[in-house]
Amino acid sequence: MSFFSEVAKTMGLDSLRIASGYQVINYNGEAAYVEGFVQVLSIDNNEIVLKLKKGKIVISGENLSVASLETGAIIVKGNIKEVKSER
């Protein structure tokens, strides 16, 4: 079960519907949790690109690394400068 599904369950909601189909939590620029992407398109020290159903998410910064990767969910660590979605 996903993090966001757990939150919905705790709040007594049947489901958590996010219009965009993905969720992002930026932990003070030190880590980012992204859920709901389809594929990892690229990974390097300065940029990680994730494919969405419609568009992509670009995480940019310095010394980026993948701390955890599961189907549709990733934790990126490093000095995160920006997390943006593009269509």
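The first residue of the sequence shown is numbered 1, and numbering continues consecutively from there. Note: hydrogens, waters and symmetry copies are ignored here, and every other heavy atom, side chains too, is used. What you are looking at is a predicted structure, and each value in this text was computed from that prediction instead of being measured.
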Is it the case that over 12 heavy atoms from other parts of the model lie below 6.0 angstrom from the CD atom of Glu86? yes
Do Val83 and Ile43 land in one hydrophobic cluster if side-chain heavy atoms of ILVMFWY residues count as linked below 4.5 Å? yes
To the nearest 0.5 Å, atom OH of Tyr27 lies from atom CD1 of Ile75 at 7.0 Å
Ser68 versus Tyr33, side-chain donor and acceptor atoms under 3.5 Å: no
Shortest non-hydrogen contact from Leu64 toward Glu47: CD1-N, 3.7 Å
Any link between Val49 and Leu52 through a network of hydrophobic side chains (Ile, Leu, Val, Met, Phe, Trp, Tyr) touching at under 4.5 Å? no
Check whether Val58 and Ile48 end up in the same hydrophobic cluster, where Ile, Leu, Val, Met, Phe, Trp and Tyr are linked by side-chain heavy atoms less than 4.5 Å apart. no
Consider only side-chain heavy atoms of I, L, V, M, F, W and Y, link residues closer than 4.5 Å, and tell whether Val34 and Leu41 are in one cluster. no
I need the minimum non-hydrogen distance between Val38 and Lys53, along with the two atoms involved. CG2-N, 3.7 Å
Under a 4.5 Å cut-off applied to non-hydrogen side-chain atoms, are Ile80 and Glu30 in contact? no
Nearest atoms (heavy-atom pairs only) where Lys81 meets Gly61: CG-CA, 3.7 Å
Going hydrophobic residue to hydrophobic residue with side-chain gaps under 4.5 angstrom, can you get from Tyr22 over to Val40? yes
